[in-house]
Amino acid sequence: MTVVLRCECGFTVRAGDEHHLIREAQRHALDAHRMALSAEQILCAAFEAELAAGPRPTAGDAGPTSDGE
């Protein structure tokens, strides 16, 4: 599953796992904003962003049927 985290400045981190997300977000925060963020801060921001985005469809969500049911 891809994790996406967007910075207020417009930078977007897309990562396939938490370790990559943390590494890239920490690099961006330090290089662009001179901020040293902890792994916990980044994971919390990613969790909050996921909650704000709302539920994602699952494989079992087929949507409405074609026969009107």
Pairing residues for Leu30 by the side chain to side chain contact (heavy atoms under 4.5 Å, CB included) criterion, not counting sequence neighbours: none
Which residues satisfy the side chain to side chain contact (heavy atoms under 4.5 Å, CB included) test with Phe11, sequence neighbours excluded? Cys7, Cys9, Val13, His28
Minimum heavy-atom distance [X]-[Y], with the two atoms named:
| X | Y | value |
| --- | --- | --- |
| His20 | Ala15 | CD2-CB, 3.3 Å |
| Leu5 | Ala49 | CD1-CB, 4.5 Å |
| Ala46 | Leu21 | CB-CD2, 3.9 Å |

Please collect all salt bridge (charged side-chain N to carboxylate O under 4.0 Å, His left out) contacts where either partner lies in residues 14-35, sequence neighbours excluded, each pair once. Glu24-Arg27
Inter- and intrachain pairs under salt bridge (charged side-chain N to carboxylate O under 4.0 Å, His left out), touching residues 44-53, at least two apart: Glu50-Arg56
With ILVMFWY side chains joined below 4.5 Å, transitively, what does Phe47's cluster contain besides itself? Leu51
How far does CG of Leu37 sit from CG of Leu43, to the nearest 0.5 angstrom? 11.0 Å
Can you measure from CD1 (Ile42) to CD (Glu40) and round to the nearest 0.5 angstrom? 9.0 Å
Would Arg6 and Val4 count as a side chain to side chain contact (heavy atoms under 4.5 Å, CB included) here? Give the steps. CA-CA 7 Å; Arg6 291 177 179 85; Val4 179; 3.5 Å; yes
